[in-house]
Protein chains: 2
Amino acid sequence: MLGAMTAMAPRRERPDLSFLLDHTSLVLRSRMTAALGEIGLTPRMHCVLVHALEQERTQIQLAEIGDMDKTTMVVTVDALEEAGLAERRPSSTDRRARIIAVTDAGARLARRSQEIVDRVHAEALDALPATERKAFLRALERLVGDHLAAPVEAPRPVRRAREVVR
Amino acid sequence: MLGAMTAMAPRRERPDLSFLLDHTSLVLRSRMTAALGEIGLTPRMHCVLVHALEQERTQIQLAEIGDMDKTTMVVTVDALEEAGLAERRPSSTDRRARIIAVTDAGARLARRSQEIVDRVHAEALDALPATERKAFLRALERLVGDHLAAPVEAPRPVRRAREVVR
DNA sequence: TATTGTTATACTCTATAACTATA
DNA sequence: TATAGTTATAGAGTATAACAATA
């Protein structure tokens with residue numbers, strides 16, 4: 001990880017927003033991953049389960065919601081199927097597409113994992129006084145909706161064709 | 001990246017802190033990387049420059065501050081030397097250690113890069129009303145100092161010895 | 001014996017490219 | 001022609017292992 005962007009002394013006058021956001025985000029993620037890991041889920045599996053439960057969705061739609069590549073979705077759904085938590089079903093309207101159907105076991109586990117997610121979030125937020133907590137969340141939501149809505153696109157390196165193995 | 005941890009509907013009642021922190025952190029980082037890239041620096045190079053300027057520091061000390069591995073520090077210092085921004089000098093007290101000395105060009109560039117860092121931070125924070133901004137920063141600092149201080153250590157996979165090539 | 005800095009490289013993660021089936 | 005899903009793998013990023021010099 002990358003640490004302090006700003007020299008030590010002027011921290012108070014120029015708060016190191018990069019460090020603060022990176023650090024809190026990383027630590028929260030590590031807690032979330034550890035907590036969900038106890039019931040055999042990754043954050044990604046949880047994300048797919050919850051949104052597949054809401055309504056009938058295809059892999060592409062779930063990939064969009066979870067901000068994953070479709071190829072990452074393939075391995076995530078593979079893991080969910082292997083664990084007996086979800087199944088691929090043909091879409092009735094598009095024979096190319098697969099609906100991700102959550103099994104009963106998947107639905108039960110999703111309830112537990114959502115409790116875990118809420119608990120991990122609550123434990124973090126409980127460290128803040130109520131007023132500050134509200135302003136904190138409002139601020140984050142404002143940033144996500146506004147100035148920090150979309151990442152700057154970095155130019156991606158062109159990749160050579162893949163080696164064909166017979 | 002990973003997106004929403006929480007189903008769509010209950011977002012208002014159960015704010016998705018993971019999503020909010022991940023998203024803001026990622027977008028800010030992309031902006032920072034793009035902005036520093038315009039003067040030929042990575043966030044890591046900036047970080048090392050700034051802290052090497054503050055006082056005499058060895059690679060290990062700079063790695064600690066930047067939360068980088070010492071091997072990552074090697075390539076970062078390589079890049080700084082190649083760009084003529086810093087030099088490795090033998091420590092006068094420990095012949096194993098190298099002091100990272102910032103050149104005049106490095107010092108000039110560090111002033112500019114710190115301005116860039118401050119500007120990118122300010123642009124984000126300017127999106128917030130003054131009161132909210134203060135509470136936001138206080139909250140982040142409280143979390144970093146308290147509940148979200150340290151990541152949960154994930155068990156690292158054991159790695160086999162490296163192949164010896166003669 | 002432990003630590004600084006270094007090199008080589010193992011491993012993870014993510015996404016691109018290419019492909020099949022279908023729209 | 002374009003899209004959903006799949007497979008294979010390229011490439012970036014990062015950290016471990018091993019080592020030389022020194023403490």
Side-chain angles (χ1 to χ4, degrees), chain A residues 1-3 22 26 29-30 33 42-45 48 52 56-81 86-100 151 153-166, chain B residues 1-3 22 26 29-30 33 37 42-45 48 52 56-64 66-81 86-100 151 153-166:
Chain A
M1 193 188 47
L2 173 64
D22 280 356
L26 179 96
R29 181 184 284 258
S30 83
T33 301
T42 62
R44 236 167 224 155
M45 288 163 80
V48 170
E56 284 214 345
R57 287 190 166 120
T58 64
Q59 287 186 205
I60 286 272
Q61 289 170 333
L62 291 166
E64 171 97 7
I65 292 171
D67 198 11
M68 304 173 218
D69 190 85
K70 60 181 181 172
T71 60
T72 306
M73 181 57 58
V74 169
V75 305
T76 306
V77 173
D78 285 350
L80 289 172
E81 277 204 319
E87 290 166 11
R88 289 171 165 100
R89 300 217 181 125
S91 160
S92 52
T93 57
D94 184 340
R95 284 200 292 171
R96 295 169 304 180
R98 318 292 192 87
I99 300 294
I100 302 309
E153 286 304 320
R156 308 180 223 176
V158 181
R159 185 162 146 182
R160 70 178 164 81
R162 68 181 209 237
E163 196 87 14
V164 180
V165 177
R166 300 258 159 219
Chain B
M1 195 190 47
L2 174 63
D22 280 356
L26 179 95
R29 179 184 286 255
S30 82
T33 302
T42 62
R44 234 167 225 156
M45 287 163 81
V48 170
E56 285 214 345
R57 290 193 163 117
T58 65
Q59 289 188 200
I60 284 273
Q61 290 170 331
L62 290 166
E64 171 98 8
D67 197 12
M68 304 174 220
D69 191 85
K70 61 181 181 172
T71 59
T72 305
M73 181 57 59
V74 170
V75 306
T76 306
V77 173
D78 285 350
L80 288 172
E81 277 204 319
E87 290 167 11
R88 289 172 165 98
R89 298 214 184 127
S91 161
S92 53
T93 57
D94 183 341
R95 284 200 293 171
R96 295 169 304 179
R98 317 291 193 89
I99 301 293
I100 302 309
E153 286 304 322
R156 307 181 224 180
V158 182
R159 185 163 144 181
R160 69 180 165 81
R162 71 179 206 236
E163 197 85 13
V164 180
V165 177
R166 300 256 163 224

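Proteins come first, then strands; the chains are lettered A, B, ... in the order of their sequence lines, and each starts at number 1.
To the nearest angstrom, P of D/dT16 lies 10 Å from CD of B/Glu153. The nearest whole Å value for the distance from the CD atom in A/Glu81 to the P atom in D/dG5 is 12 Å. Residue B/Met68 contributes atom CE, which lies 18 Å from atom C1' of D/dT16 at whole-angstrom precision. Nucleotide D/dT6 holds its C1' atom 13 Å from the CD1 atom of A/Ile100, rounded to whole Å. Rounding to whole angstrom units, CE of residue B/Met73 and P of C/dT3 are separated by 19 Å. One atom, CD of B/Glu87, and another, P of C/dG5, lie 16 Å apart when rounded to the nearest Å.
Of the candidate nucleotides C/dC11, C/dT6, D/dA4, D/dA4 has the atom lying nearest to any side-chain atom of A/Ile60. Side chain of B/Arg159, nearest nucleotide from D/dA10, D/dA17, D/dT6: D/dA17. Each of C/dG5, C/dA15, D/dA10 was ranked by its minimum atom distance to the side chain of A/Asp69; first place goes to C/dA15.
Between the side chain of B/Thr72 and the backbone N or O of B/Met68, no donor-acceptor pair lies under 3.5 Å.
At C/dT6, one or more side-chain N or O atoms of B/Arg98 fall inside 4.0 Å of OP1 or OP2 (strictly under the cut-off). For A/Gln59, a side-chain nitrogen or oxygen approaches OP1 or OP2 of D/dT6 to under 4.0 Å. Between A/Arg44 and the phosphate of C/dT14, there is a side-chain N or O to OP1/OP2 separation shorter than 4.0 Å.
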(request) Could you encode protein contacts along nucleotides 18-23 of chain D as a string, one character per nucleotide from 5' to 3', using B for base contact, S for sugar-phosphate-only contact and - for no contact, with a heavy-atom cut-off of under 4.0 Å? (result) B--BBS

(message) Quick one, A/Leu80 with A/Val48, criterion side chain to side chain contact (heavy atoms under 4.5 Å, CB included). Give me CA distance, side-chain angles, the key distance, then yes/no.
(response) CA-CA 9 Å; A/Leu80 289 172; A/Val48 170; 3.6 Å; yes

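Looking at which nucleotide of DNA chain C each of B/Val74 and B/Arg160 is closest to, the 5′-most match is held by B/Val74.
B/Glu64 is linked by a side chain to side chain donor-acceptor pair (under 3.5 Å) to nothing, counting only residues two or more places apart in sequence or in another chain. Scanning for side chain to side chain contact (heavy atoms under 4.5 Å, CB included) contacts around A/Ser91 gives A/Thr93, A/Asp94, A/Ala97, A/Ile99, with sequence neighbours left out. Applying the side chain to side chain donor-acceptor pair (under 3.5 Å) rule to B/Thr71 yields the partners B/Asp69; only residues at least two apart in sequence or on another chain are considered. Take A/Glu81 and apply the side chain to side chain donor-acceptor pair (under 3.5 Å) test, not counting sequence neighbours, and it matches A/Arg88. Scored by the side chain to side chain donor-acceptor pair (under 3.5 Å) test, B/Ser30 finds no partners at all (sequence neighbours excluded).
In this structure, A/Ser91 reaches neither bases nor backbone, as no heavy-atom distance under 4.0 Å exists between it and the strands shown.
For D/dA15, its base sits under 3.5 Å from the side chain of B/Thr71 at one donor and acceptor pair at least.
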